[in-house]
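Okay, structure first, notes after.
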Amino acid sequence: QVQLVQSGGGLVQPGGSLRLSCAASGRTFSNYAMGWFRQAPGKEREFVATINWNGDSTYYAGSVKGRFIISRDNGENLVYLHMVSLKPEDTAVYYCAASTFSSSSSLKENYHYWGQGTQVTVSS
């Protein structure tokens, strides 16, 4: 079993920055691909970013590419989502997720463990 605990959400003005963190427990964490997803009210959960097991490959949704960066620290069992130039349309509940596969994926069906979610609100 892998447990994921998130932190770092909050309210920010348009153009601002936030960093989300995801702390994982589990002996095989370093073998897992990780991802970030988000869900706005009334909408389906959508892909944001993913990173492979050793952190040398990343992929982003077109809506966040160039503004968000996913990273991981396997020694500390941490995954981050660095967000800059935030827009109102980024407002959502953000979820980190872990896959038992080592290769990254944008499909939520490939993720086996999920964090509790954290609210990000971008508003003036």
Counting only heavy atoms not in Glu89, do more than 12 sit closer than 6.0 Å to its CD atom?
yes

In chain order, what residues pass the side chain to side chain donor-acceptor pair (under 3.5 Å) check against Asn77, with sequence neighbours excluded?
none

In this structure, is the centre-to-centre distance between the rings of His112 and Tyr32 below 6.0 Å?
no

Are the aromatic ring centres of Tyr111 and Phe37 under 6.0 angstrom apart?
yes

So for atom CD, which belongs to Glu76, do other residues, nucleotides or ligands contribute more than 12 heavy atoms lying within a distance under 6.0 Å?
no

Tyr60 atom OH: more than 12 heavy-atom contacts under 6.0 Å:
yes

Donor-acceptor check, side chain of Ser106 to backbone of Phe47, threshold 3.5 angstrom: yes or no?
no

What's the shortest heavy-atom distance between Arg45 and Lys108, and which atoms?
O-NZ, 3.9 Å

Shortest non-hydrogen separation from Leu4 to Ala24 and the atoms involved
CD2-CB, 3.5 Å

Transitive ILVMFWY side-chain link Ile69 to Leu81, under 4.5 Å:
yes

Nearest non-hydrogen partners of Leu107 and Ser105, listed with the distance:
N-OG, 3.1 Å

So, for Ser71 and His82, which heavy atoms are closest and what is the spacing to 0.1 Å?
OG-CE1, 3.2 Å

Would Thr121 and Gln119 count as a side-chain hydrogen bond (donor to acceptor under 3.5 Å, both in side chains) here? Give the steps.
CA-CA 6 Å; Thr121 302; Gln119 178 71 46; 3.2 Å; yes

